[in-house]
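First up is the structure itself, then whatever we jot down about it.
Chain letters run A, B, ... following the sequence lines, proteins first, then strands; residues in each count from 1. Side-chain atoms are counted along with the backbone in the values below, which use heavy atoms only and exclude waters and symmetry mates.
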Amino acid sequence: DTEVTQTPKHLVMGMTNKKSLKCEQHMGHRAMYWYKQKAKKPPELMFVYSYEKLSINESVPSRFSPECPNSSLLNLHLHALQPEDSALYLCASRLTSGSGLSYNEQFFGPGTRLTVL
Amino acid sequence: KQEVTQIPAALSVPEGENLVLNCSFTDSAIYNLQWFRQDPGKGLTSLLLIQSSQREQTSGRLNASLDKSSGRSTLYIAASQPGDSATYLCAVRGAGSYQLTFGKGTKLSVIP
């Protein structure tokens with residue numbers, strides 16, 4: 001298995017809803033990332049988990065809550081979002097050790113298109 | 001703070017042409033540089049990764065070069081095809097950092 005999967009592909013939610021985005025990889029990668037991408041903009045880093053511990057939080061509002069329950073799974077819990085949070089949310093992973101180039105390469109999932117009404 | 005610039009922002013070429021996409025970065029203390037492709041509304045597909053100690057990497061019709069001292073990378077696409085139409089993003093990982101800093105991308109259209 002050489003891919004990062006994300007569910008759901010699309011999500012529409014109201015500002016009072018609670019929802020979660022899910023990301024999964026079975027490549028043995030121990031670094032996992034959440035990015036947010038607005039239309040016609042590059043991805044912006046939100047969170048980094050390394051060995052299931054949160055290592056970077058790029059000053060993301062608390063209405064976004066990441067969780068890494070195990071080495072294969074990364075969640076992003078959403079609560080009380082604003083319409084401006086509508087974006088493509090991308091998950092990525094990276095092998096953290098090994099020889100050659102492979103451990104440096106970030107692999108991205110297809111993203112979840114989130115719309116907040 | 002690292003800044004990554006990609007020129008041009010958009011490029012349209014006829015099928016079969018060879019083309020070059022440019023990426024520049026302000027801080028030469030990088031760990032690696034990665035080129036991605038993104039189709040509309042989709043995730044990113046990694047194309048090539050160049051370590052800071054390397055000069056170039058090749059994959060099929062793609063060749064990426066890196067000149068760390070001048071803060072530049074190029075992505076060369078040979079014999080372009082309509083299926084190459086996408087946005088191409090360059091991203092730099094700083095030395096000692098987990099993070100990628102992305103350019104804004106070059107939107108490529110290959111006309112049949």
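- A donor atom on one side chain and an acceptor atom on the other are found under 3.5 Å apart for B:Asn63 and B:Thr58.
- Ring pair A:Phe108/B:Phe102 is perpendicular by interplanar angle, where above 60° counts as perpendicular and below 30° as parallel.
- Separation of atoms CG (B:Asn32) and CD1 (B:Ile50) is listed at 9.5 Å; rounding is to 0.5 Å.
- Among A:Lys40, A:Arg113, A:Gln37, A:Lys9, the residue making the largest number of heavy-atom pairs under 4.5 Å with chain B is A:Gln37.
- Within 6.0 Å of the CZ atom in A:Arg30, the count of heavy atoms belonging to other residues, nucleotides or ligands exceeds 12.
- Per-residue counts of heavy-atom pairs under 4.5 Å with chain B were compared for A:Cys91, A:Ala31, A:Pro110, A:Gly111; the largest is that of A:Pro110.
- B:Leu89 touches chain A through its side chain: at least one heavy atom from C-beta onward sits under 4.5 Å away, while N, CA, C and O do not.
- Considering only heavy-atom pairs separated by less than 4.5 Å from chain A, the leading option among B:Lys104, B:Gln99, B:Lys107 is B:Gln99.
- Between the B:Thr106 side chain and the B:Leu21 main chain, no donor and acceptor come within less than 3.5 Å of each other.
- Residue A:Glu44: no heavy atom, backbone or side chain, is found under 4.5 Å from chain B.
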A:Thr7/A:Glu24 under side-chain contact (heavy atoms from CB on, under 4.5 Å): CA gap, chis, key distance, verdict: CA-CA 9 Å; A:Thr7 55; A:Glu24 199 162 3; over 6 Å; no
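- Of the residues considered (B:Gly103, B:Ala91, B:Gly105), B:Gly103 shows the highest number of contacts with chain A, using heavy-atom pairs under 4.5 Å.
- Heavy atoms of A:Gln6 lying under 4.5 Å from chain B are absent altogether.
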